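What you see is a predicted model; the values in this text were computed from it and never measured. Counting from 1, the numbers follow the sequence of the chain as shown. One-based numbering, in listed order, for ligands and for the atoms of each.
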Amino acid sequence: MIRENVERILGELPPGVELMAAAKSQPPERILEAIEAGVRTIGENYVQEAEAHFAAIGAKAKWHFIGRLQTNKAKKAVGIFDMIETVDSIDLAREIDKRCRASGKTMPVLVEINSGEEEQKAGVQPADAETLIREIAPLPNVKVRGLMTMGPFEGDPENSRPYFRMTRQVFEQIKRRAIPGVDMTVLSMGMTNSYRVALEEGANMIRIGTKIFGPRTG
Ligand SMILES: *Cc1c(COP(=O)(O)O)cnc(C)c1O
C-alpha cells in the first residue's frame with residue numbers, strides 16, 4: 001500500500017512541490033518502502049526516534065526535523081538533520097548555530113509560524129516573524145530558507161485555508177524585504193487532511209503521514 005499511496009500523491013503534485021513523509025512511529029522498513037516509491041524527504045518529530053531511523057536508513061533520504069526541539073537535543077539534531085523546520089525562538093536558533101559551528105556545518109532552517117495564534121501552540125506569532133528572522137539572519141551557521149506552519153487542526157480542510165493564506169502572505173512579505181543571508185524559498189504547509197488546500201495556497205513542501213503509511217496505531 002505504501003508504494004501505491006506515494007505514487008498517487010506524487011502524481012497529484014505540481015512541479016516544484018516536495019513530498020515529505022512524516023515518519024513518526026513508523027518502523028524503518030516502512031520508511032524505506034516510501035523512499036523506494038519516490039519519497040526523498042523524511043520528517044521526524046522526535047530526535048531519539050530519528051536517530052534510530054537514521055541509523056537504519058542513512059543518506060538514502062533528506063532528514064527534516066518537524067517536532068519541538070529542546071535546546072538540550074540540538075547537538076544530536078545537528079548531527080542527523082538536513083533541515084530543522086520548527087525554529088520559533090532566537091534562543092533555539094542560537095543553540096543550533098553554536099552546535100553547527102562546533103561541527104563545521106551550516107543548518108538550513110524554517111521559521112515556524114503559529115498561524116492560528118493559539119497560545120499553547122509552537123511557532124512565532126505572524127506579526128513577530130520578520131523580527132525573529134532579522135535576528136537569526138546574522139548567525140553564521142544557520143540559514144533561514146522559509147516558513148513552516150501547522151495551522152489549527154479542524155475537521156474541514158477549508159478551515160485551514162485562511163491560516164495557510166496568511167502564512168503565504170508573511171512568506172511573500174519577508175521575501176520582498178530581501179534580508180541579507182535569508183533565502184525565502186521553502187513554504188512547508190499541509191498534511192493528509194489539508195494538503196490540497198495548502199497547495200492551492202502556495203505550499204511547496206507538504207508533510208504527509210497518514211495518507212502514506214495509514215492511520216497511526218501507536
Ligand atoms: C504527523 C505530522 C504530519 C503529518 O500528519 P498526517 O495528518 O498524518 O499527514 C505533518 N506535520 C507534522 C509537524 C506532524 O507532526
List every atom of ligand 1 that sits less than 4.0 Å from any heavy atom of T210, numbering the atoms from 1 in the order shown and giving each element. 6 (P), 7 (O), 8 (O), 9 (O)
At what distance is the nearest protein heavy atom to atom 12 (C) of ligand 1, and which residue and atom is it? I66 CD1, 3.6 Å
Is E158 paired with R161 through a side-chain N to carboxylate O contact shorter than 4.0 Å? yes
Quick one: does E85 get a heavy atom under 4.0 Å from ligand 1? no
Which of the numbered atoms in ligand 1 are under 4.0 angstrom from any heavy atom belonging to I208? 9 (O)
Any idea which atoms of ligand 1 are less than 4.0 Å away from a heavy-atom of T192? 6 (P), 7 (O), 8 (O), 9 (O)
Are any of the side-chain heavy atoms of I206 and I9 separated by less than 4.5 Å? yes
Just heavy atoms, cut-off under 4.0 Å: does N45 contact ligand 1 by side chain, backbone, both, or neither? side chain
Identify whether the distance between the nearest side-chain nitrogen and carboxylate oxygen of E12 and R8 falls below 4.0 Å. no
Out of curiosity, is N193 lining ligand 1, as in a heavy atom under 4.0 Å away? no
Going by the atom numbers of ligand 1, which of them fall below 4.0 Å from some non-hydrogen atom of M150? 12 (C), 13 (C)
More than 12 non-hydrogen atoms from neighbouring residues, nucleotides or ligands closer than 6.0 Å to CD on Q48, yes or no? no
Can you check whether K143's main-chain N or O pairs, donor with acceptor, with D183's side chain at less than 3.5 Å? no
Min N/O separation G209 to ligand 1 under 3.5 Å: yes
Under the salt bridge (Lys or Arg N to Asp or Glu O under 4.0 Å) definition, can you give me all pairs with a residue in residues 104-116, not counting sequence neighbours? none
Tell me the nearest of M191, K24, R207 to atom 14 (C) of ligand 1, using heavy-atom distances. K24
Test your reading of the structure: does K211 have an N or O sitting under 3.5 Å from an N or O of ligand 1? no
Would the number of heavy atoms belonging to other residues, nucleotides or ligands and lying under 6.0 Å from NZ of K121 be above 12? yes
Can you give the donor-acceptor pairs under 3.5 Å from side chains of residues 57-64 to other protein atoms, not counting sequence neighbours?
| from | atom 1 | to | atom 2 | distance (Å) |
| --- | --- | --- | --- | --- |
| W63 | NE1 | G58 | O | 2.8 |
| W63 | NE1 | A61 | O | 3.3 |
| H64 | ND1 | E85 | OE2 | 2.8 |

